[in-house]
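To start, the structure under review is shown below, and the notes come after it.
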Number of protein chains: 2
Amino acid sequence: MNLPALTQAFVLHFGEMGSRWGINRTVGQVYALLYLAPEPLHADAIVEALGVSRSNVSMALRELQAWNLVSVRHVPGDRRDHFVTPDDVWQILRTLAEERKRREVDPTLTVLRELLLQPATSDAERHAQRRIAAMHNMIEQLTGWFEEVKRLPNERLVALLALGAGVTRLLELKDRVVGLAVSGRSA
Amino acid sequence: MNLPALTQAFVLHFGEMGSRWGINRTVGQVYALLYLAPEPLHADAIVEALGVSRSNVSMALRELQAWNLVSVRHVPGDRRDHFVTPDDVWQILRTLAEERKRREVDPTLTVLRELLLQPATSDAERHAQRRIAAMHNMIEQLTGWFEEVKRLPNERLVALLALGAGVTRLLELKDRVVGLAVSGRSA
DNA sequence: TATGGATTTCAGGAATTCCTGAAACGACGG
DNA sequence: CCGTCGTTTCAGGAATTCCTGAAATCCATA
């Protein structure tokens, strides 16, 4: 691996962190490298930068494409595929969240739903179903919220985040305003 | 494994899902079992329910305690440790999010900060630093938001989720109201 | 349709993670 | 201070995941 110090530190960190998620070291490193690269890279450039085998890079790129975190770009006059990451970090966040939801949450939601449909034949099972329902409902609320929020344009999303817990003050404000409007109308 | 059908299906699913996260099968199963259990379980009951070794259960419980997802409960007249999961699913969500942030996000934030402090000596490095800064700022906004929201009581949190993207309409409302107040004051 | 570069597939060795049984440890009652 | 019950530690075998080099496949061009 022969990279500028800064890039190398970033790439190595993502390699290590990769294993704390479900992804392997090479996938993490390839992503990090592409994220920092000022222009699209072809696979052999990645091989050279990271010092791993060509086939390993191929598999890593494939996985990153499956995650929608990397896409192919063709450079005129060059037959090789070049790869890029989207450069809008908020878009990356949406993609990441979407994919993790799809892989880690949706299957669970499906199972929980099935289990809730089954008839409970004992007290133990009835208790289990109540617990499962509590989890199911929470996940549904979360995913419903996420489906809406992920559609917000960046600007709005940032405003929402900046608001933080202040949103609840806003909710009270709304209640007061609506109250005023109603009393005004009735007057 | 000899459990009611419903419980067994739930436990097995969490075992499988475990490996999609960073946790292993046994940890997932133990958690699922405790989550459904109507009363605290001691380690041998878990061994019997899951059909894994005593030492494996011990390690799984230890890991779950490190995650703050399971705690010890002493049953009067019984020397054995008994284990429970908190039963408020929203509290579980907070804990889970908090721990994942601590393990998956905070270390990255630290590294990114360090990298931003280093002097960039080339165009490539300056470009890399801009990319790193973009990622760093996004993560800071997210974690700042999370720190605030996680403190909300359940009721407020649920209200916030129910609002979904509607929060941005609320933001517009706020702007109008504030605008009114200001123009009123200046008049 | 032959050629050659680019890419993917895949079997199997390397590395890592998981799980177990045996032994060590700790704490309590006698 | 011994014996017992409960728990934890840990070495090493089992299982899984990762990575590589060689071969197969793809595809644009001549």
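Throughout, protein chains are lettered first and strands after them, A, B, ... in sequence-line order, and every chain is numbered starting at 1.
The CG-P distance, from A/N56 to C/dT9, rounds to 14 Å in whole Å. Across the protein-nucleic acid pair, A/L41 atom CG and C/dA6 atom P stand 16 Å apart, rounded to whole Å. Atom P of nucleotide C/dA6 and atom CD1 of A/I46 are separated by 15 Å, given to the nearest angstrom. With rounding to whole Å, A/H74 atom NE2 is found 11 Å from C/dT7 atom C1'. Spacing between atom CZ of B/R25 and atom C1' of D/dT17 amounts to 14 Å, rounded to whole angstrom units.
Atom CZ of B/R113 sits in a crowded spot, with more than 12 heavy atoms from other residues, nucleotides or ligands closer than 6.0 Å. A 6.0 Å sphere centred on CD of A/E48 holds no more than 12 heavy atoms belonging to other residues, nucleotides or ligands.
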Could you go through B/R94 and B/N154, starting from their C-alpha distance and side-chain angles, then the distance that decides it, and tell me whether this counts as side-chain hydrogen bond (donor to acceptor under 3.5 Å, both in side chains)? CA-CA 10 Å; B/R94 283 189 193 90; B/N154 290 354; 2.9 Å; yes

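Residue B/S19 is out of contact with every strand shown, counting any heavy-atom pair closer than 4.0 Å.
One finds no side-chain N or O of B/N24 lying less than 4.0 angstrom from the OP1 or OP2 phosphate oxygen of C/dT17.
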Any chance you could list the contact pattern along nucleotides 1-10 of chain D? Use B for base contacts, S for sugar-phosphate-only contacts and - for none, protein heavy atoms under 4.0 Å, 5' to 3'. ----BSSBBB

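With hydrogens and angles left out, the side-chain atoms of B/N68 and B/T95 include no donor and acceptor closer than 3.5 Å.
The cationic group of B/R103 lies under 6.0 Å from the six-membered ring centre of B/W67 and within 45° of the ring axis, placing it in a cation-pi geometry.
Under the 30°/60° scheme for interplanar angles, the aromatic rings of B/Y35 and B/F10 are found to lie parallel.
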